Amino acid sequence: MAYKISPDLCVACGTCIDECPVEAISAGDVYVIDPDKCIDCGTCAGVCPSEAIKPE
């Protein structure tokens with residue numbers, strides 16, 4: 001199960017993108033997690049200050 005970023009909560013702070021060990025997160029106005037690359041480690045969710053990242 002991959003993680004997903006809620007566009008309503010994401011503030012595009014960049015904290016999660018540096019923590020992803022498989023580079024599954026893409027930057028933009030709102031960040032996006034590629035479900036095919038995500039290994040379900042949860043590291044991104046653990047560091048997200050706005051709690052925008054949850055299991056899909």
Side-chain angles (χ1 to χ4, degrees):
M1 179 187 320
Y3 277 72
K4 186 173 182 180
I5 299 175
S6 171
D8 296 335
L9 298 175
C10 180
V11 296
C13 66
T15 303
C16 62
I17 201 165
D18 293 331
E19 296 297 320
C20 183
V22 294
E23 299 179 357
I25 303 172
S26 300
D29 291 338
V30 173
Y31 286 26
V32 177
I33 298 175
D34 181 339
D36 294 328
K37 289 183 180 179
C38 180
I39 59 170
D40 194 31
C41 68
T43 303
C44 57
V47 298
C48 180
S50 61
E51 298 181 0
I53 306 172
K54 305 283 186 208
E56 193 169 41

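Count residues from 1 along the sequence. Note that the structure is a prediction, hence the values are computed from the model and not measured.
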Quick check: closest heavy atoms across [X] and [Y], and the distance to 0.1 Å?
{"X": "C10", "Y": "V30", "value": "CB-CG1, 3.7 Å"}
{"X": "G14", "Y": "Y31", "value": "CA-OH, 3.5 Å"}
{"X": "C16", "Y": "I53", "value": "CB-CD1, 3.8 Å"}

Sequence-distant partners of [X], side-chain contact (heavy atoms from CB on, under 4.5 Å), two or more places apart:
{"X": "K54", "result": "E51"}
{"X": "P55", "result": "M1, Y3"}
{"X": "V47", "result": "T15, E19"}

Apply the hydrophobic cluster definition, ILVMFWY joined by side-chain contacts under 4.5 Å directly or through others, and give me every member besides I39.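 Besides I39, the hydrophobic cluster comprises V22, listed by chain and residue number.
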Spacing of I25 atom CD1 and D18 atom CG [to the nearest 0.5 Å]: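 Separation between the atoms: 9.0 Å.
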For the CG atom of D36 and the CD1 atom of I33, what is their distance to the nearest 0.5 Å? 12.5 Å
Any side-chain heavy atom of S50 within less than 4.5 Å of one from C13? no
Whether over 12 other heavy atoms sit under 6.0 Å from D29 CG: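 Open.
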